[in-house]
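The structure displayed is predicted, hence computed values, not measured ones. Index from 1, following the sequence.
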Amino acid sequence: QVQLVESGGGLVQPGGSLRLSCAASGRTFSDYAMGWFRQAPGKEREFVASISWSGGNTYYADSVKGRFTISRDNAKNTVYLQMNNLKPEDTAVYYCASAVRPLVSPSRAAYNYWGQGTQVTVSS
């Protein structure tokens, strides 16, 4: 059974940084792309970033490009999301997801396993 567990969320001031982690188990982690999505209150879940099976390719939503960095450590079965220069509009529950194939994708349909989410709140 595949399990994804996010951690690292919290309250941060505008301009601050957070690093999210997602620990995976139950399948061969390095065979699949991973992604981060987020969902703000009253809004649909949206794509944030994706990383290929090897980490060699990444893809970002325009809203976070240049501020967020996705990375992975296949030896630790963990994917990360480094978030810098956070803005109030980044406030959301952040979810990690495991893809059905090795390559990056911004589509929710490309991911078949999801974590429970971790809350990120950006406020002064």
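- Atom CD of Glu89 is surrounded by more than 12 heavy atoms from other residues, nucleotides or ligands within 6.0 Å.
- Under the 4.5 Å side-chain contact rule for hydrophobic residues, Val79 and Met83 share a cluster.
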- Query: side chain to side chain contact (heavy atoms under 4.5 Å, CB included) between Arg38 and Thr91: does it pass, once the steps are laid out?
  - Reply: CA-CA 9 Å; Arg38 67 187 181 186; Thr91 295; over 6 Å; no
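- No more than 12 heavy atoms of other residues, nucleotides or ligands sit less than 6.0 Å from atom CD of Gln116.
- For Trp114 and Phe37, the ring centers are positioned less than 6.0 Å apart.
- You'll find the side chain of Ser7 stays beyond 4.5 Å of the side chain of Thr118, heavy atoms only.
- Cation-pi geometry between Arg101 and Trp53 is not met: the NZ or CZ atom fails to fall both under 6.0 Å from the ring centre and inside 45° of the normal.
- To the nearest 0.5 angstrom, Gln3 atom CD is 5.0 Å from Ser25 atom OG.
- No side-chain heavy atom of Ile70 sits less than 4.5 Å from a side-chain heavy atom of Gln82.
- Put simply, the side chain of Arg45 never gets that close to the backbone of Gln39: no donor and acceptor are under 3.5 Å apart.
- The pair Asp62-Lys65 meets the salt-bridge criterion, since a charged nitrogen lies less than 4.0 angstrom from a carboxylate oxygen.
- Contact detail for Ser71 and Ile51: the closest heavy-atom pair is CA-CD1, 3.6 Å.
- In terms of heavy-atom proximity, Cys96 sits nearest to Met34 at SG-CE, 4.5 Å.
- Of all non-hydrogen atoms in Ala92 and Ala40, the two that sit nearest each other are CB-N, 3.8 Å.
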- Given side chain to side chain contact (heavy atoms under 4.5 Å, CB included), test Thr69 with Leu81 step by step and report yes or no. CA-CA 6 Å; Thr69 302; Leu81 185 68; over 6 Å; no
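- Put simply, the side chain of Glu46 does not reach to within 4.5 Å of the side chain of Arg108, judged on heavy atoms.
- The main-chain N or O of Lys76 is found under 3.5 Å from a side-chain atom of Thr78 such that the two form a donor-acceptor pair.
- Looking at Phe68 and Val48, their side chains come closer than 4.5 Å, going by heavy atoms from C-beta outward.
- A ring-centre distance under 6.0 Å is not found for Tyr32 and Tyr113.
- With rounding to the nearest 0.5 Å, the separation of CG in Asp31 from OG in Ser98 is 9.5 Å.
- Distance alone, capped at 3.5 Å, is enough to place a donor-acceptor pair between the Glu6 side chain and the Gly117 backbone.
- Transitive grouping of hydrophobic side chains (ILVMFWY, heavy atoms separated by less than 4.5 Å) brings Trp36 and Leu4 into a common cluster.
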- Task: Please lay out, stage by stage, how Leu18 and Val122 fare under the test side chain to side chain contact (heavy atoms under 4.5 Å, CB included).
- Result: CA-CA 10 Å; Leu18 280 176; Val122 185; over 6 Å; no
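- Considering every non-hydrogen atom in both Ser105 and Ala110, the closest pair reads OG-CB, 3.3 Å.
- No continuous path of ILVMFWY side-chain contacts below 4.5 Å connects Tyr95 to Leu86, so the two sit in separate hydrophobic clusters.
- Asn57 is not listed as a side-chain neighbour of Leu103, based on a closest heavy-atom distance of 4.5 Å or more.
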- Query: Given the rule in the ring pair (Phe, Tyr, Trp, His ring centres under 6.0 Å) test, do Tyr60 and Phe47 qualify, once you have shown the distances and angles that lead to the verdict?
  - Reply: CA-CA 8 Å; Tyr60 297 92; Phe47 170 76; 8.2 Å; no
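- Side-chain contact annotation: Tyr111 with Ser50, donor-acceptor N/O pair under 3.5 Å present.
- Side-chain N or O atoms of Thr121 include none that pairs as donor or acceptor with a backbone N or O of Leu11 at under 3.5 Å.
- Remark: Arg72 qualifies as a cation-pi partner of Phe29 under the 6.0 Å distance and 45° angle criteria applied to the six-membered ring.
- Under the 3.5 Å distance criterion, the side-chain polar atoms of Thr28 are left unmatched by any main-chain donor or acceptor of Ser30.
- Under the 4.5 Å side-chain heavy-atom criterion for Ile, Leu, Val, Met, Phe, Trp and Tyr, Val93 and Leu20 are members of distinct hydrophobic clusters.
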